[in-house]
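Computed from heavy atoms alone, side chains included, the values below leave out hydrogens, waters and symmetry copies. To find a chain, count down the sequence lines: A is the first, B the second, and so on, and within it residues start at 1.
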Amino acid sequence: MNGKQITKLGFEKKAIGLAVAAAAVREGAGLERGAVLDELRAVQADPAAYLAGGVYAALAAELSAQHAVNESKKGAALLGAPLPYGVWGADLIEPGARAQMDVAMRLPVTRAGALMPDAHVGYGLPIGGVLATENAVIPYGVGVDIGCSMRLSVFPIQPDALKLEEARTLLLKHTRFGAGVAFEKRERDDHAVLHEGTWEDQPLLGHLFEKAAAQIGSSGSGNHFAEFGTLSLAQPDLGLDAGNYLALLSHSGSRGFGAQVAGHFTALAERLHPHLDPAARKLAWLSLDSEEGQAYWQAMNLAGRYALANHELIHARLARALGVDVLASVHNSHNLAWKQQVNGQELIVHRKGATPAASGQLGLIPGSMADPGFVVRGRGHADALASASHGAGRQLGRKAAASTLVKKEVAAYLKGRGVTLIGGGIDEAPQAYKRIEDVISRQSDLVDVVARFTPKVVRMDSGSQDI
DNA sequence: ATGTCC
């Protein structure tokens with residue numbers, strides 16, 4: 001028996017030599033060439049049946065390995081062209097974000113998608129990207145800050161009744177900002193989310209519990225904020241009369257806990273997809289049929305509840321300090337994946353910096369530290385997968401903002417709008433963001449504006465370069 | 001986004 005006959009049977013690479021060697025043994029034992037070829041065909045047809053032992057075991061193992069690689073490559077191949085997807089505010093979106101969305105729309109697990117008008121480049125899926133997949137979840141389709149969210153509390157207080165100095169003092173006393181920060185031990189609050197049994201369901205969660213318990217109620221860094229301002233209702237809504245109210249708006253996420261969950265599972269997804277096209281490496285997914293996919297789903301949802309708990313504590317502390325009950329509140333997550341019916345099929349809808357906007361659903365879309373934010377009500381637009389933007393969106397990256405913006409101009413912008421800033425890096429300057437009015441105007445078919453929030457006293461992380 | 005390795 002020679003290599004040519006073996007190759008003709010369809011054996012490849014290392015399997016050729018192993019098949020030749022096994023055939024020589026069988027011919028040596030007196031078998032006719034035709035019978036040996038039949039045996040080789042049988043091994044090829046069902047390698048698993050020959051793995052246990054015998055002359056064909058090594059060949060069967062190699063064939064099984066080759067089969068697994070081929071299946072993996074087949075399952076990881078990108079579509080030749082992106083599936084079509086809706087884009088809102090295309091004139092506001094940089095080409096890089098479109099290119100990232102195009103790659104996401106070529107994943108074999110993708111079924112639908114949309115790009116919101118605040119879109120800009122991120123890791124894997126662009127910020128402002130909405131992606132619907134079938135039976136698969138993409139850790140970087142959710143993002144690093146799992147469960148990043150917004151909360152608004154409206155108080156029974158006239159906006160001018162809270163003096164500037166008192167607002168500053170309250171924010172400094174009751175919020176904590178910065179990477180790695182936590183409340184001092186005696187200041188630490190408790191929350192029901194810390195008493196869930198979920199923490200004991202995975203070693204990773206158990207390991208991260210102490211960090212989560214230490215950081216609960218804190219706000220983090222980057223674009224996270226807590227701010228007092230004026231909520232203006234032109235018409236009665238949210239259970240409130242029309243008018244102006246003192247309100248608190250916060251943007252916070254799942255802190256170190258969520259970041260570690262995201263890092264762990266995206267690395268795991270990448271390892272499980274070694275044959276994924278390098279262009280889509282950061283979009284590696286986990287099947288919801290797999291143990292890993294179920295573990296991510298559980299951890300992601302816990303991080304989502306934890307992030308909302310952070311907001312609840314921030315708002316509870318400040319409401320208590322003000323000595324009032326909250327009149328009305330709105331909250332929404334904008335970095336998360338949800339099970340959602342899309343064209344009659346249950347899909348996994350990832351929103352990475354996108355506000356859920358089902359028909360009638362309330363949401364919050366902030367502008368910047370010195371620009372208005374909006375309470376919106378979703379219109380449930382099917383092509384947008386019932387979503388809207390999560391903010392104004394960056395028009396300058398962090399580095400570009402730090403190198404091009406001038407402190408003096410940022411200070412003038414704040415002064416012109418009567419905004420007092422505590423902390424705040426220059427990379428978060430209003431000039432680093434798109435104009436919120438433009439972004440809102442591009443999505444009038446996705447949401448209706450319910451109310452306007454005008455920031456007055458804003459606290460953010462100091463970052464490396466204060467304004 | 002996060003003390004940049006779970």
Side-chain angles (χ1 to χ4, degrees), chain A residues 100 118-129 138-150 175-183 199-226 250-272 282 286 292 295-296 298-300 302-304 306-308 310-311 314 333-337 350-354 366 368-369 390-394 396-399 401-402 423-425 427-428 432-433 459-464:
Chain A
Q100 285 190 313
D118 59 340
H120 56 98
V121 171
Y123 288 119
L125 193 66
I127 316 299
I138 304 170
Y140 267 4
V142 170
V144 176
D145 191 5
I146 301 173
C148 187
S149 39
M150 299 294 307
T175 66
R176 293 292 181 277
F177 280 82
V181 306
F183 270 95
W199 297 97
E200 289 152 32
D201 285 353
Q202 295 181 43
L204 175 71
L205 299 179
H207 179 76
L208 294 171
F209 175 79
E210 281 305 325
K211 179 192 280 283
Q215 295 190 323
I216 199 158
S218 65
S219 296
S221 62
N223 58 8
H224 288 176
F225 61 78
S250 57
H251 180 211
S252 187
S254 52
R255 310 288 286 103
F257 161 50
Q260 301 242 30
V261 168
H264 173 81
F265 283 100
T266 198
L268 185 57
E270 281 189 39
R271 283 202 299 277
L272 289 171
K282 293 264 172 251
L286 298 167
E292 295 88 351
Y296 176 74
Q298 181 185 51
M300 177 200 78
L302 179 60
Y306 175 80
L308 294 177
N310 285 330
H311 287 277
I314 293 166
S333 306
H334 53 224
N335 285 9
L336 211 64
H350 305 72
R351 293 189 181 84
K352 187 188 193 181
S368 82
M369 56 168 70
H390 83 310
R394 284 192 167 278
L396 291 176
R398 292 182 187 284
K399 283 180 197 163
D427 52 348
E428 290 300 328
Y433 284 85
R459 186 175 187 193
M460 301 185 81
D461 179 32
S462 298
S464 49

**Q** So, is A:Lys211 near the phosphate of B:dG3, with a side-chain N or O under 4.0 Å from OP1 or OP2?
**A**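 Yes, because at least one side-chain N or O of A:Lys211 sits under 4.0 Å from OP1 or OP2 of B:dG3.
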**Q** Would you mind writing out the side-chain donor-acceptor pairs for residues 202-211 of chain A within the sub-3.5 Å range, not counting sequence neighbours?
**A**
residue  : atom : partner  : partner atom : Å
A:Gln202 : NE2  : A:Ala295 : O            : 2.9
A:Gln202 : NE2  : A:Gln298 : OE1          : 2.8

**Q** Would you mind reading off the distance between A:Glu210 atom CD and B:dC6 atom P, rounded to a whole angstrom?
**A**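 After rounding, the gap between these two atoms is 17 Å.
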**Q** Mind checking if A:Lys352 touches a base, just sugar-phosphate, or nothing, with heavy atoms under 4.0 Å?
**A**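 No contact.
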**Q** Would you kindly give the CG-to-P distance between A:Leu208 and B:dT2, to the nearest whole Å?
**A**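 To the nearest whole Å, that distance equals 14 Å.
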**Q** Whole angstrom is fine here: how far is it from NE2 in A:His224 over to P in B:dG3?
**A**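 Interatomic distance, NE2 of A:His224 to P of B:dG3: 12 Å.
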**Q** In whole angstroms, how far is the P atom of B:dC5 from the CD atom of A:Glu270?
**A**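 The answer, rounded to whole Å, is 14 Å.
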**Q** Quickly work out the A:Tyr306 OH to B:dT2 C1' distance and round it to whole Å.
**A**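 My rounded result for the distance is 13 Å.
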**Q** Categorize A:Phe257 for me: base, sugar-phosphate, or nothing, with a 4.0 angstrom heavy-atom threshold over every strand shown.
**A**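 Nothing: the residue A:Phe257, judged by heavy atoms under 4.0 Å, touches no strand.
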**Q** Mind checking A:Gly220 for me? I need base, sugar-phosphate or nothing, with any heavy atom below 4.0 Å counting as a touch.
**A**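 If one applies the 4.0 Å heavy-atom cut-off, A:Gly220 turns out to touch the sugar-phosphate alone, with no base involved.
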**Q** Start at the 5' end of DNA chain B and walk down; is the nucleotide closest to A:Ala179 or to A:His264 reached first?
**A**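 Going by which nucleotide is closer to the 5' end, it is A:Ala179.
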**Q** Looking across every strand, which nucleic acid part, if any, lies under 4.0 Å from A:Ser221 by heavy atom: base, sugar-phosphate, or nothing?
**A**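 Sugar-phosphate contact only.
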**Q** For the pair made of OH in A:Tyr123 and C1' in B:dT4, what is the distance, rounded to whole Å?
**A**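 It works out to 9 Å between those atoms.
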**Q** Rounded to whole Å, how long is the line connecting atom CZ of A:Phe177 with atom C1' of B:dG3?
**A**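 Spelled out: CZ on A:Phe177 to C1' on B:dG3 is 17 Å.
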**Q** Whole angstroms only, please: what is the CZ-C1' distance between A:Arg255 and B:dT4?
**A**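 One finds 14 Å between C1' of B:dT4 and CZ of A:Arg255, rounded.
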**Q** Would you say A:Gln215 reaches B:dG3's phosphate, i.e. side-chain N/O to OP1/OP2 under 4.0 Å?
**A**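 Yes, within the criterion.
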**Q** Which pairs pass salt bridge (Lys or Arg N to Asp or Glu O under 4.0 Å) with one or both residues in residues 254-270 of chain A, sequence neighbours excluded?
**A**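 The answer is A:Glu270-A:Arg281, A:Glu270-A:Lys282.
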**Q** Identify which nucleotide among B:dG3, B:dT2, B:dC6 has an atom closest to any side-chain atom of A:Ala259, counting heavy atoms from C-beta outward.
**A**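 Ranking B:dG3, B:dT2, B:dC6 by closest atom to the A:Ala259 side chain puts B:dT2 first.
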**Q** Any idea how A:His224 and A:His251 line up, ring-wise: parallel (<30°), tilted (30 to 60°), or perpendicular (>60°)?
**A**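 Perpendicular.
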**Q** Using a strict cut-off of less than 4.0 Å between a Lys/Arg side-chain nitrogen and an Asp/Glu carboxylate oxygen, indicate whether A:Arg271 and A:Glu292 qualify as a salt bridge.
**A**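 No salt bridge links A:Arg271 with A:Glu292.
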**Q** Would you name the heavy atoms of A:Ala432 and A:Ala401 that are closest together and state the gap between them?
**A**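 Minimum heavy-atom separation between A:Ala432 and A:Ala401: CB-CB, 3.9 Å.
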